[in-house]
2 protein chains.
Amino acid sequence: MQKKSSATIYDVANRVGVSLATVSRVVNGNSNVRESTKRKVLDAIEELGYHPNAVARGLASKKTTTIGVVMPDVTDMYYSELARGIDDVANMYHYDVLLTNTDEDPVRETMAVNNLASKQVDGIIFMGNELDREVLNTIAGADAPVVLAGSIDAEGQLPSVNVDYVKAVEEAVDTMVKNKHKRIALVTGPMTHAINKLHRLVGYQTALEKADIVFDDKLLFVAHQDYAAGLQIAEKILAAEADGVIAYDDEVALGIMNYMREHGKRIPEDFEIITSNDTKFTIVTRPELTSIGQPKYDIGAVAMRMLTKLMNNEIIDDTQVKLPHTLERRGTTIN
Amino acid sequence: MQKKSSATIYDVANRVGVSLATVSRVVNGNSNVRESTKRKVLDAIEELGYHPNAVARGLASKKTTTIGVVMPDVTDMYYSELARGIDDVANMYHYDVLLTNTDEDPVRETMAVNNLASKQVDGIIFMGNELDREVLNTIAGADAPVVLAGSIDAEGQLPSVNVDYVKAVEEAVDTMVKNKHKRIALVTGPMTHAINKLHRLVGYQTALEKADIVFDDKLLFVAHQDYAAGLQIAEKILAAEADGVIAYDDEVALGIMNYMREHGKRIPEDFEIITSNDTKFTIVTRPELTSIGQPKYDIGAVAMRMLTKLMNNEIIDDTQVKLPHTLERRGTTIN
DNA sequence: GTCAGAATTGCAAACGCTTACAACGTTATA
DNA sequence: TATAACGTTGTAAGCGTTTGCAATTCTGAC
């Protein structure tokens, strides 16, 4: 049964006594084939164990049925959940996924996009917050459609799927204010990233303004997205005499929480915490973490769906999709 | 600068006034090219913004510089850390990674391998515990080399990279015995999986025997790999009057821990927990989870390195690699 | 039984590159 | 100066498909 070096379309054609073209037609489900010859071809394919060579197909048709996914890090729960959404709908549309980790390094992001382009992917899903000019140019240069998932480009030119980060953060702050906490810290990534400067910070300031709280940049913190960074930044947050924090990453939030508890703070009475990604981390700890709820899987899925349309040259009503977010009230806020 | 539909090798050759072959040679770093013409070709490439078409290259050379990774689920921290190790060394050797999620469904695993084969990947890294006959056959049929990462096939025929699960579990049980806990539960996946039946269970029983504890199959539990499953199985573990548990998944362990604490058990005095994967989950909770330590990243990295050798037809001394494991003693065990 | 039009099929040219093999020019050796 | 030997470059045959177009075979209507 296992033919050694696999059969080609040519072998199948010979076996049946038809031309390559005919075999190709039945393989591709083209309707212009008589039912009886279709049967024969299918049988021969079965017997020879023929599998179309996707590479040759890609060369001839200029479609690889492969998309590229560039993301910061697979081990980051937030992004891996997006990736899962992407992968599931990609499969649904018979695309394979070429995955690249970049650690948000613009150099690697640029290389990744270029590499994917040379591999002739039919489309690209991009995740990452940097999106500097170089990366943007590269994306424009690749002649595959690109959609951003859970990521923001400053100009808002590229198709993207996100939640409304401004509102989300604003509501988080609102909640703490309502709970009588006023010295609310904000922990984000670098202000060079649009998502931080133009979204999270804006939401934060808007909420403060509404509550007549004067903005204090001593309550603004930048941290990497990991537990250790949370532990570390927590010391400064404590020193700044904050009574609450909005963190942009669950691991960071956890680091802060553990530090605060170990330093005598009662959570949530003395110190409230709201995190942003609502990953599995939020429910395994005690107390559970209150979090902005993002439909992560759906962000990926919707982005991928949009990409299929783009690859098909279908017209898209709205290329700047904002999916609904929630606030998952759990144990690190009073209400 | 951005040529529209990108230039081909033919355009470059024309520009310089040499043949395709020569351009191909410089692109591929072939040494048999005079320095001066090499320069000219390189310049033309630069000017035209030429990028080799990897698909055409793949067809001609029968090498795609792409490997396939089939794994249960990217959002599972254990596997995603393996994947990161794989990806990093894959990049190091200039391979791209085609990623497929299977949810450990043998049907999807089979499809995935077949699909990767038709995409002409140069090699495959397989993760997942099922590995039934069908999947094994498919793997044998694909003419790309395959290596297992963090996974076991019953016959031990395929190249693989793992830790010594027998010893690891045995040592975990030893620890609890030393701590005077005797009714030690074992939570694994289905006994149809070789890794559970032939490794974890064996290690468990061996340790029990050494300690003269009679094996009680009431202390054997099977659970899915998630937090909810942990919460659920915990009830039965409690009912079985166990005073400790070895869990094969961190989320499960966390579910058990939280359940036990909510039911009045003091951890670790009344009830000890040792988990197996040592993911980030283990250090963000209070108490922190004692865990078998697995070099997850390295398992992936070593597996990928092995695959590069296989793809290169290099001889490999040992195709059944066992990396060292540890026991990370933290808060859920007395010692 | 004819014939137009539809339904099937085959032909052959791409797709963009790699890679034997052949051909050339050049240098070193005798 | 002739010649072997090498370094450099070109020629052309694939790699396994898809696909526009032409050729052939069927249909049914007349």
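The figures that follow rest on heavy atoms only: side chains count, while hydrogens, waters and symmetry mates do not. All chains are named by letter (A, B, ...) in the order of the sequence lines, taking the proteins before the strands, and each is independently numbered beginning at 1.
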If the cut-off is 4.0 Å, is [X] near the phosphate of [N], judged by side-chain N/O to OP1 or OP2?
X: T37(A); N: dT8(C); result: no
X: K62(B); N: dG14(D); result: no
X: R34(B); N: dT8(D); result: no
X: Y50(B); N: dC17(C); result: yes
X: S61(B); N: dT18(C); result: no

So if I take every side-chain heavy atom of [X] and compare against [options], which nucleotide ends up nearest?
X: A60(B); options: dT9(C), dT18(C), dT17(D); result: dT18(C)
X: T8(B); options: dC17(C), dT18(C), dT17(D); result: dC17(C)
X: S19(B); options: dG10(D), dT17(D), dT18(C); result: dG10(D)

At under 4.0 Å between heavy atoms, what does [X] touch on the DNA or RNA strands: base, sugar-phosphate, or nothing?
X: S24(B); result: base
X: V27(B); result: nothing
X: N53(A); result: sugar-phosphate

Taking for each residue the nucleotide of DNA chain D with the nearest heavy atom, is it L59(B) or E35(B) whose nucleotide lies nearer the 5' end?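 First, find each residue's nearest nucleotide; the 5'-ward one identifies E35(B).
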
Quick check on DNA chain D: between V55(A) and G17(B), whose nearest nucleotide comes earlier from the 5' end?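 The answer here is G17(B).
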
Measure from [atom1] on [X] to [atom2] on [N] and round the result to the nearest Å.
X: I9(A); N: dC15(D); atom1: CD1; atom2: P; result: 14 Å
X: K38(A); N: dT9(C); atom1: NZ; atom2: C1'; result: 16 Å
X: N32(A); N: dT18(D); atom1: CG; atom2: P; result: 15 Å
X: L20(A); N: dT8(C); atom1: CG; atom2: P; result: 20 Å
X: N14(A); N: dG10(C); atom1: CG; atom2: P; result: 11 Å
X: Q120(B); N: dC15(D); atom1: CD; atom2: C1'; result: 10 Å

Assess the side chains of R305(A) and T308(A): does a donor N or O sit below 3.5 Å from an acceptor N or O?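 There is such a pair (donor and acceptor under 3.5 Å, judged by atom type) between the side chains of R305(A) and T308(A).
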
Pair Y78(B)-Q294(B), side-chain donor/acceptor within less than 3.5 Å: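 Note: Y78(B) and Q294(B) side chains meet the donor-acceptor criterion.
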
May I ask you to say whether K309(A) pairs ionically with D317(A), meaning some side-chain N is under 4.0 Å from a carboxylate O?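 Between D317(A) and K309(A) there is no salt bridge, as every charged N stays at least 4.0 Å from the carboxylate O atoms.
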
Would you call D11(A) and R15(A) a salt bridge, taking side-chain N to carboxylate O under 4.0 Å as the test?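 Salt bridge between D11(A) and R15(A), a charged N being under 4.0 Å from a carboxylate O: no.
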
Can a donor-acceptor pair be found, under 3.5 Å and without considering hydrogens, that links the side chain of S61(A) to the backbone of R57(A)?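 Flag set: sc S61(A) to bb R57(A) pair under 3.5 Å.
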
